[in-house]
There are 2 protein chains.
Amino acid sequence: MPKPDVDPTVTLDLSVDRSSPVPLYFQLSQQLEAAIEHGALTPGSLLGNEIELAGRLGLSRPTVRQAIQSLVDKGLLVRRRGVGTQVVHSQVKRPLELSSLYDDLEAAGQRPATKVLVNTVVPAGAEIAAALSVPEGSEVHHVERLRLTHGEPMACLCNYLPLGLLDLDTGHLESTGLYRLMRGAGITLHSARQAIGARAATAAEAERLGEETGAPLLTMARTTYDDTGRAVEYGTHTYRPARYSFEFQLLVRS
Amino acid sequence: MPKPDVDPTVTLDLSVDRSSPVPLYFQLSQQLEAAIEHGALTPGSLLGNEIELAGRLGLSRPTVRQAIQSLVDKGLLVRRRGVGTQVVHSQVKRPLELSSLYDDLEAAGQRPATKVLVNTVVPAGAEIAAALSVPEGSEVHHVERLRLTHGEPMACLCNYLPLGLLDLDTGHLESTGLYRLMRGAGITLHSARQAIGARAATAAEAERLGEETGAPLLTMARTTYDDTGRAVEYGTHTYRPARYSFEFQLLVRS
DNA sequence: TAGTGGTCTAGACCACCCT
DNA sequence: GGGTGGTCTAGACCACTAG
């Protein structure tokens, strides 16, 4: 026996549709990812070599490489020169992404609700002006929301946005998240700078969140940028730590 | 005038060394990144098209694309079909990476110090056994360290590691970080799962960190995996929120 | 030594964006 | 319509790993 293990991809009936507008490399990476997801490709198994896989699918090697590389970038596969490409053992579940609290909660089946406390326009103070790169004193949107799950307060979300990007309808704000509103308005989110910390609740914060004054709160301050580099949102959020924590997976930069 | 702006890369004297073992695409991406870093390529400026750049450098287009793509992945460039490749306006400084607290502090010039409180071997409890994927009750390393900056406590780091991976010398632990020790032992870190939260300090924690009982603490629990999928470390850390917060930049998954 | 991934080339056609 | 990036091909040589 020259090989103790058989290439597990041969039993997978991978195939690509050349008439589809979906890129070939993407079709392949999706099929491989699905196979890993539902266990057809088990952790640790060695994929067959790229050349042979390319030949079997009628693709060129660079195309197959592009498909595999995208899964390596997601942390699902590991390449070893001289060895081969292997399915990673550990479960990679949630890579850290720029998602909204609302979407996270909804995806977790938590049925989030939002109560808009403030929705107005104010002159930007120094901190806000600096974060949004607007002149100090110029007008910006100010939105303050209470996020609830199961009818109980979970977080208080205080946000500032430049004027003119978005029309901030209170009804919309109560039925969805801010990021979804921005994406719907044609804003392409690009990056965000975040700081996560903790501190004691003030009396006003405790009142709003149903905690005691001085109770520990989890805090997050964030500035979000679109793909032109404009700051499109600055927010300071406070979370009840018994009801919320930040959970995510990191990949090592190679 | 057909073009209001001139391709800013022409004045950059980009060049590649074909005798170098460094990949050509990497040489190019480094030069472009350096040019962005020190302002030779200003935010918003449009790079010349890939074909022309390839011709000028004597490279093929895929090689140039690979260089550019790596900077797009880092968030430094944005590509627009039909338009061109642009330098992002906002400053991308610290992408979130799996770095050690020790290295972070050292890079920030904080001169970190470590005091090893516990360095022993214990049977794994249920939580630790689950995190490290070892049988409950099997022996694991247990290390507890106090991290100080400027002579003041900043965090308490409680870690568990499987036996046999590393020799945990107290002297080494006090002079560097755990991740650097692991990398030095030939372990290839691959990913980590983290949860960041907050809670009130217990009396013992308050004593160690120089806080009051019930004071807010920032907490982090993390399991780190190597590239074979083995869990190589599980840790629960507590931070003094006045002295530490998690700061990082996120890129939107495309 | 044989096999793997890592890199590179010189073309090609298409989809999209702006004018 | 002209220019851009997005995708794809069919080869090639090299570096590293294992047996």
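In what follows, every chain begins at residue 1, and chains take the letters A, B, ... in the order their sequences are listed. Quick note: numbers below take in every heavy atom, side chains included, and nothing from hydrogens, waters or symmetry partners.
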A.B. asks: Counting C-beta onward and ignoring hydrogens, is there a side-chain heavy-atom pair between B/Thr42 and B/Val87 closer than 4.5 Å?
C.D. replies: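 They are not in contact (no side-chain heavy atoms under 4.5 Å apart), so the answer is no.
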A.B. asks: Rounding to an integer number of Å, can you tell me how far A/Arg79 CZ sits from D/dT17 P?
C.D. replies: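 Distance check: A/Arg79 CZ to D/dT17 P gives 16 Å.
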A.B. asks: Report the residue from B/Leu157, B/Leu178, B/Thr114 that forms a side-chain contact (heavy atoms from CB on, under 4.5 Å) with B/Leu173.
C.D. replies: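 Of B/Leu157, B/Leu178, B/Thr114, side-chain contact (heavy atoms from CB on, under 4.5 Å) with B/Leu173 is met by B/Leu178 alone.
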A.B. asks: Output the rounded distance in Å from CD (A/Gln66) to P (D/dT7).
C.D. replies: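 Between P of D/dT7 and CD of A/Gln66: 6 Å.
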A.B. asks: Are any of A/Asn49's side-chain N or O atoms less than 4.0 Å away from OP1 or OP2 of C/dG3?
C.D. replies: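 For A/Asn49, the contact criterion (side-chain N or O under 4.0 Å from OP1 or OP2 of C/dG3) is not met.
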A.B. asks: Relative to the ring of B/Phe248, is the ring of A/Phe248 parallel (under 30°), tilted (30 to 60°) or perpendicular (over 60°)?
C.D. replies: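 Plane angle between 30° and 60°, so tilted.
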A.B. asks: When the distance from CD1 of B/Ile68 to P of D/dT4 is rounded to whole Å, what number comes out?
C.D. replies: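 Atom-to-atom, B/Ile68 to D/dT4, this comes out as 12 Å.
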A.B. asks: Give every pair of a protein N or O atom and an N or O atom of nucleotides 12-14 of chain C that lie under 3.5 Å apart, one pair per line with the distance.
C.D. replies:
from: C/dA12; atom 1: N6; to: B/Arg61; atom 2: NH1; distance (Å): 3.2

A.B. asks: To the nearest angstrom, how far is B/Glu52 atom CD from D/dT4 atom P?
C.D. replies: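 So the CD-P distance, B/Glu52 to D/dT4, works out to 9 Å.
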A.B. asks: Would you classify B/Gly55 as touching base, sugar-phosphate or nothing, given that sugar-phosphate means primed atoms plus P, OP1 and OP2, and contacts are heavy atoms under 4.0 Å?
C.D. replies: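 Nothing, no nucleic acid heavy atom in range.
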A.B. asks: CZ of A/Arg65 versus C1' of D/dT7: gap in Å, rounded?
C.D. replies: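 Going from A/Arg65 (CZ) to D/dT7 (C1'), I get 16 Å.
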A.B. asks: Does any nucleotide pair with D/dA10 by Watson-Crick or G-U wobble geometry, both distances under 3.5 Å, and what is it?
C.D. replies: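 With both distances under 3.5 Å, D/dA10 matches C/dT9.
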A.B. asks: Looking at D/dT4, I'd like to know if its phosphate oxygens (OP1 or OP2) sit under 4.0 Å from a side-chain N or O belonging to B/Thr85.
C.D. replies: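 For D/dT4, OP1/OP2 do not have a side-chain N/O of B/Thr85 under 4.0 Å.
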A.B. asks: At under 4.0 Å between heavy atoms, what does B/Ile51 touch on the DNA or RNA strands: base, sugar-phosphate, or nothing?
C.D. replies: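 It contacts nothing in the nucleic acid.
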A.B. asks: How long is the line joining CG of A/Leu71 and C1' of C/dG5, in whole Å?
C.D. replies: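 The answer, rounded to whole Å, is 16 Å.
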A.B. asks: Using the closest heavy atom to pick a nucleotide of DNA chain D for each, name whichever of A/Phe26 or A/Val83 lands nearer the 5' end.
C.D. replies: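 Looking at the nearest nucleotide for each, A/Phe26 comes out on the 5' side.
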A.B. asks: If you count the non-hydrogen atoms of other residues, nucleotides and ligands that lie under 6.0 Å from NE2 in B/His142, is the total more than 12?
C.D. replies: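 Buried by this count: over 12 neighbours within 6.0 Å.
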A.B. asks: Does some side-chain heavy atom of A/Tyr179 sit less than 4.5 Å from a side-chain heavy atom of A/Glu233?
C.D. replies: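 Result yes, sub-4.5 Å side-chain heavy-atom pair found.
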A.B. asks: Can you see if the side chain of B/Thr63 gets near the phosphate of C/dT9 - specifically, an N or O under 4.0 Å from OP1 or OP2?
C.D. replies: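 Indeed, a polar side-chain atom of B/Thr63 lies that close.
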A.B. asks: Reading DNA chain D from 5' onward, which residue's closest nucleotide shows up sooner: A/Gly82 or A/Arg18?
C.D. replies: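 Here A/Arg18 is the residue nearer the 5' end.
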A.B. asks: Starting at CD of B/Gln86 and ending at P of C/dC18, how long is that distance when rounded to a whole Å?
C.D. replies: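 Rounded to whole Å, this separation is 11 Å.
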A.B. asks: Whole angstrom is fine here: how far is it from CG in B/Leu24 over to C1' in C/dC8?
C.D. replies: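 Going from B/Leu24 (CG) to C/dC8 (C1'), I get 7 Å.
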A.B. asks: Taking OP1 and OP2 of C/dC8, is either one under 4.0 Å from a side-chain nitrogen or oxygen of B/Tyr25?
C.D. replies: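 So the side chain of B/Tyr25 is outside the cut-off, no N or O lying under 4.0 Å from OP1 or OP2 of C/dC8.
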A.B. asks: Enter the distance from B/Ser100:OG to B/Arg183:CZ here, rounded to the nearest 0.5 Å.
C.D. replies: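 Answer for the OG-CZ pair, B/Ser100 versus B/Arg183, is 7.5 Å.
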A.B. asks: With side chain to side chain donor-acceptor pair (under 3.5 Å) as the test, pick out the partner of B/Asn159 among B/His141, B/Arg145, B/Arg222.
C.D. replies: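 Among the candidates, only B/Arg145 passes.
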A.B. asks: What does B/Pro62 touch in the nucleic acid at a heavy-atom separation under 4.0 angstrom: a base, only the sugar-phosphate, or nothing?
C.D. replies: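 Contact class for B/Pro62: base.
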A.B. asks: Please work out if B/Arg80 contacts a base, only the sugar-phosphate, or nothing of the nucleic acid, heavy-atom cut-off 4.0 Å.
C.D. replies: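 Touches sugar-phosphate only.
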A.B. asks: For the pair B/Leu59 and B/Arg18, evaluate side-chain contact (heavy atoms from CB on, under 4.5 Å) and give the outcome as yes or no after the intermediate values.
C.D. replies: CA-CA 10 Å; B/Leu59 298 173; B/Arg18 303 195 84 101; 3.8 Å; yes
